[in-house]
Structure formats: C-alpha cells, structure tokens
Amino acid sequence: MNKTLVKQKMSIAEILTRFFFGFLIPYLLINGILFFIFIQTPTIKIVGKDDTGYEENKIKFTVDCLLPIVDIKTYHDNAEISYSKLGDTYVIEVTENGVYKVNVTALNKSRANYSGSIENKDSTPPTVDLDNTVITGNTLIVSIHDDQSGINYDNIYATYDNGDTVKPNYIDKVLGTAQFQIESGKKLTLHIEDDLGNATETSFNVD
C-alpha cells in the first residue's frame, strides 16, 4: 500500500516537471521572444548642429534597432534620392532647399520616419562687381563677393573663346579680388563659384 502511494506521488511530480519544463517554460520563452521581436521598432537619430541635421551641406543620421534593417529610403520633396554610408552614419547630400525624408523598415516590418525642412542652404552664386573691375593693359583685376558660403578661391579661372584657360596670378582674399594676365583683342569668360558649388560666369571683351 505504501509503495503504491509513493509511486503515485512520484508520478504526479514527474507530470508537473514535464508540464513546467516541457511545455509551460518553453511556451512562455518562445512567446516572450516573439513578443519582443514584434514590439521592436527602429529609431532614427539625426546627427547635426540643429534638429534638421543640416551640417556642412549634408544631413547625417544613424539607425538603432535590435533587429536587422531591411530597407532605407531617402527623399527630397517626395522624389527618391541616394545616400551614402560612413561607418554607422548615413549621409544625404543637400543639393537644394526643400523637405528631406528618411524611411526605415526593420525585419519585423516596423518602420521609422524622419522629415526635415532645409530652407537655409545657400543657392546664390557669387557676384562680380563690374563697377570695381579694372582692365589695364594686359592686366584684369576683378572684384568678387559672396556673403553667404564664401568664395572658392581655388577654383577661379577664365577661358578664351578658343578654349584656352588662364588662372589668376594673384588673389587678395581680404579685398576679394583676383588678378589675371590676359591677351588683348580676345573675349574672356570668368568662372567663379562659392564653397557650395554655386557658380557664375561673366564675360569681358579685352581691347
């Protein structure tokens, strides 16, 4: 009789052990993992000087998520544009003002979105002050200005009608002038751009 009771008690303990370790714990573990995966969402973090991320003609951002990211798309005014990646940082080149968007999709199809408006990008080319431009003999001195991004002095040049190119032989960055040695009797086209690539061209007829 006692042996039967002990055997029955052991059977109940075995059943409970199998229930907990064979069903309940695996069930809770699997469903917990599935729930954890289900609730994961990516996070977009903008890296920049302000909340738009606009810095040095770029928008930079990182993406945080415990799940793999399966898709990243970037847009300018609803038109899809390309991006580059440097380490963990994604980079969008800001070519003009407008609304820039980022859409990120994780493995579980959850999404994160970012939208920022850029209105302070310099889109105005430098100006040539014709009133203070001087041609003396074979010397041309032009006065140039750009109050926003600044002149790209390394890329100032002029071309003749035949395609020959001449670089300035002297530049004064304080006064904003460039001096060229030129050939008389020819048409000369001056090319100037700012540090963001906004360019302007001005032509001169050299007597």
Side-chain angles (χ1 to χ4, degrees), residues 21-128 144-157 159 165 173 176 189-202:
F21 292 98
F23 172 74
L24 185 60
I25 293 178
Y27 173 83
L28 293 175
L29 183 61
I30 292 172
N31 281 275
I33 292 173
L34 292 175
F35 178 73
F36 176 79
I37 293 174
F38 177 77
I39 64 172
Q40 285 299 306
T41 56
T43 302
I44 300 172
K45 182 180 179 181
I46 300 300
V47 182
K49 292 181 179 179
D50 52 37
D51 58 0
T52 66
Y54 178 65
E55 180 181 7
E56 297 176 355
N57 208 31
K58 296 175 176 62
I59 294 176
K60 304 175 184 177
F61 65 95
T62 58
V63 178
D64 294 325
C65 189
L66 294 178
L67 296 178
I69 300 300
V70 297
D71 188 46
I72 296 178
K73 285 187 170 60
T74 52
Y75 301 87
H76 171 248
D77 287 343
N78 296 321
E80 187 171 355
I81 58 175
S82 61
Y83 61 87
S84 59
K85 187 177 181 183
L86 182 62
D88 294 330
T89 302
Y90 299 86
V91 180
I92 302 173
E93 298 291 339
V94 177
T95 57
E96 55 186 306
N97 292 323
V99 178
Y100 288 83
K101 297 179 181 179
V102 179
N103 294 340
V104 176
T105 304
L107 183 63
N108 62 352
K109 303 302 181 182
S110 62
R111 293 179 173 85
N113 302 299
Y114 160 80
S115 178
S117 179
I118 303 298
E119 302 297 340
N120 58 346
K121 176 179 166 54
D122 176 15
S123 58
T124 303
T127 58
V128 177
I144 49 183
H145 303 284
D146 189 282
D147 297 329
Q148 298 184 66
S149 304
I151 302 292
N152 181 356
Y153 286 99
D154 293 331
N155 202 32
I156 297 176
Y157 62 89
T159 57
T165 300
K173 296 182 181 180
T189 299
L190 177 67
H191 176 93
I192 304 172
E193 62 184 51
D194 63 18
D195 285 333
L196 292 183
N198 300 307
T200 185
E201 291 188 341
T202 305

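These numbers come from the heavy atoms of this one structure, side chains and all, not from hydrogens, waters or symmetry mates. Positions are given from 1 along the sequence.
A pairwise comparison of heavy atoms in Thr200 and Pro125 identifies CB-CB, 4.0 Å as the closest pair. Taking every heavy atom of both residues into account, Asp194 and Thr124 meet most closely at OD2-O, 3.3 Å. Nearest approach of Pro42 to Ala112, heavy atoms of both residues: O-CB, 3.3 Å. In terms of heavy-atom proximity, Tyr90 sits nearest to Lys85 at OH-NZ, 3.5 Å.
Atom CD1 in Ile192 sits 9.0 Å away from atom OH in Tyr153 (nearest 0.5 Å). The CD atom of Glu93 lies 9.5 Å from the OH atom of Tyr100; values are rounded to the nearest 0.5 Å. To the nearest 0.5 Å, atom NZ of residue Lys58 and atom OG1 of residue Thr89 are 12.5 Å apart. Distance check, rounded to the nearest 0.5 Å: CG of Leu190 to CD of Glu201 gives 8.5 Å. The CD atom of Glu193 lies 5.0 Å from the CG atom of Asn152; values are rounded to the nearest 0.5 Å. Going from atom OG1 of Thr41 over to atom CZ of Arg111 covers 12.5 Å, rounded to the nearest 0.5 Å.
Among residues two or more places apart in sequence or in another chain, the side-chain contact (heavy atoms from CB on, under 4.5 Å) test is passed with Thr159 by Tyr157, Thr165, Thr189.
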Legend entry - Residues Lys173, Ile151; criterion side chain to side chain contact (heavy atoms under 4.5 Å, CB included); working and verdict: CA-CA 9 Å; Lys173 296 182 181 180; Ile151 302 292; over 6 Å; no
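No more than 12 heavy atoms of other residues, nucleotides or ligands sit less than 6.0 Å from atom CG of Asp147.
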Name every donor-acceptor pair, under 3.5 Å, that has one atom in a side chain of residues 67-80 and the other anywhere in the protein, sequence neighbours excluded.
{"from": "Asp71", "atom 1": "OD1", "to": "Lys73", "atom 2": "NZ", "distance (Å)": "3.3"}
{"from": "Asp71", "atom 1": "OD2", "to": "Lys73", "atom 2": "NZ", "distance (Å)": "2.9"}
{"from": "Thr74", "atom 1": "OG1", "to": "Ile81", "atom 2": "O", "distance (Å)": "2.7"}
{"from": "His76", "atom 1": "NE2", "to": "Asn97", "atom 2": "O", "distance (Å)": "3.0"}
{"from": "Asp77", "atom 1": "OD1", "to": "Val99", "atom 2": "N", "distance (Å)": "2.9"}
{"from": "Asn78", "atom 1": "OD1", "to": "Lys101", "atom 2": "NZ", "distance (Å)": "3.0"}

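For the side chain to side chain contact (heavy atoms under 4.5 Å, CB included) with Ile144, the lone residue among Ile156, Thr127, Thr202 that qualifies is Ile156.
The closest side-chain heavy-atom distance from Ile59 to Val102 is not below 4.5 Å.
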